[in-house]
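Per chain, numbering begins at 1; letters A, B, ... match sequence-line order.
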2 protein chains.
Amino acid sequence: MTDPTTPRTTLTRARVLGTAVALADREGIDRLTMRSLAAELGVEAMSLYHHVANKEDLLDGVADAIAGEMQVAVADLPAPAPSEWKAALRRRILTAREVMLRHPWAPGVFESRTGFGPQIVRYTDGFVGLLRLGGLSHDLVHHAMHALGSRAYGFTQELFDPAGSGDADASPEMLAQMATEAPHLVEMLAHIAHDPPGATLGRCDDQSEFEFGLDLLLDGLERRAAREPGA
Amino acid sequence: MTDPTTPRTTLTRARVLGTAVALADREGIDRLTMRSLAAELGVEAMSLYHHVANKEDLLDGVADAIAGEMQVAVADLPAPAPSEWKAALRRRILTAREVMLRHPWAPGVFESRTGFGPQIVRYTDGFVGLLRLGGLSHDLVHHAMHALGSRAYGFTQELFDPAGSGDADASPEMLAQMATEAPHLVEMLAHIAHDPPGATLGRCDDQSEFEFGLDLLLDGLERRAAREPGA
DNA sequence: ACCTGAACACCGTTCAAGT
DNA sequence: ACCTGAACACCGTTCAAGT
């Protein structure tokens, strides 16, 4: 398989992670295995273990590489005035979301991480900085981070796909049975009109739904901030 | 292994799913394999395939079994007056959360599902019914479902653990390095005091954080509902 | 109809050995 | 120090065969 005339680039952690991201983009996250990644790099599986501790560490690195992309995208945004913290935060999150939309598998990897990589730390620090600029107390900033959760990184993990249930998957008799058992749900599904698929992360997580939930949270935070003593 | 004197209970889907839940509770979701589940039932792995299509179907069934527990817990709640929809919804969600807290692995399984099982449908229908009772339009109900996301089912999937970073895992030199690279984040971490672990889903998702985010969203929805034409 | 045992096509990872 | 090949201990799942 390996062409001996090709000048053999040395394996580095950065090259391993970069190739892993490219492979996940091209083949999907399920096809990213130690063996397939090694083959992509023209190397044996065990060689990877000199640059990543194990698969968990590989995925930690992959998540951090994505966070690095977000950090780059976000670095271009202008520094806001304190009064514009909310708009700036919104802008920042939607910019991060653009990066996520380029890597549809990335939300799943982010959700499964426990470690805080250096790029994730940098992105998050800028995030906290903006909230502090807006005058929010440390306590409120902390609450805000939990309340926003994955939305701070530009995605939400959808649970089920209500549109999918009303779509092609659901047979007529299934819908009829649902109508008696779940009248409210069926009635709501009949009222749903979704964006065309493709521009989405997950199945029903389209841009307008993401922004609706985000604005609900940001408006609430702004209100809480205004109510804080000393603000 | 199998004691021939024991009257052999027939294998049913319900018994397979119930045993799967018990096994996940006892050993963790990673230890729930087709082989281990079969052994627990005193049967060969392949016998399971007569009651579940494959492992995905098994996990769909497991998620729906948990939703069934939620449905039972929630059925006891009194029917509210229309004006009390928000308090009733809050109560319902926190009741669902109690079920989730009994099965710490369940959030991960819920997140990975795509199908809508019958018990999940029933729980969700009751949820939609409460929002409709409150006078919200179908459109707003739909937005609300997306905005709440997993919170409607009583959990949030935490991304990283900021407390863990400031806790035992972080070495002093790591914190010192972080202080220069992420001053806002480090300063915030210094102000955090968390509930004792054990009563949590995930690592930093304690009850008060869950309720803070939930109230932010419910308050926002109430405000949007009051602003709707014809409400 | 229901259950079995062996086998297949994968995983991540260890280990001892090469250069 | 870096990379290799074989092997280990698992997976989910197929298949043909039993009762």
Tell me: CZ of B:R15 to C1' of C:dC2, nearest whole Å? 14 Å
If I take atom OH in residue A:Y49 and atom P in nucleotide C:dA16, what distance separates them, rounded to the nearest angstrom? 17 Å
Contact nearer the 5' end of DNA chain D, comparing B:E56 with A:R35: A:R35
Rounded off to whole Å, could you give me the CE-to-P distance for the B:M46 and D:dC11 pair? 15 Å
Whole angstroms only, please: what is the CG-P distance between B:L37 and C:dC3? 13 Å
CZ/B:R13: more than 12 non-hydrogen atoms of other groups inside 6.0 Å: yes
Dot-bracket for DNA chain C, please. Rules: Watson-Crick or G-U, both distances under 3.5 Å, ( ) within the strand, [ ] when a pair crosses earlier ones, | for another strand, . otherwise. ||.|||||...|||||.||
How many whole angstroms separate atom CG of A:L48 from atom C1' of C:dT14? 15 Å
Parallel, tilted or perpendicular: which one describes the rings of A:Y123 and A:Y153, with boundaries at 30° and 60°? tilted
In this structure, how many angstroms lie between the C1' atom of C:dA17 and the CD atom of A:E44, rounded? 14 Å
Note: A:H103 and A:D25 closest approach over all heavy atoms is ND1-OD1, 2.8 Å
Taking for each residue the nucleotide of DNA chain D with the nearest heavy atom, is it A:H50 or B:K55 whose nucleotide lies nearer the 5' end? A:H50
What contact category does B:S47 fall into here, base, sugar-phosphate, or nothing, at under 4.0 angstrom with non-hydrogen atoms? base
Could you state the atom-to-atom distance from CG of A:D30 to C1' of C:dG12 in whole Å? 15 Å
For atom CZ of A:R122, is the number of surrounding heavy atoms from other residues, nucleotides or ligands below 6.0 Å larger than 12? no
Can you measure A:H51 atom NE2 to D:dA1 atom P for me and round it to whole angstrom units? 13 Å
Whether B:H146 and B:H142 hold their rings parallel, tilted or perpendicular, with breakpoints at 30° and 60°: perpendicular
Testing D:dG12, C:dC3, D:dT4 for proximity to the side chain of B:T33, the answer is D:dG12
Within a strict 4.5 Å, meaning less than it, do heavy atoms of the B:R26 and B:E40 side chains meet? yes
Looking at B:E56 and B:R113, is any side-chain nitrogen of the basic one under 4.0 Å from a carboxylate oxygen of the acidic one? yes
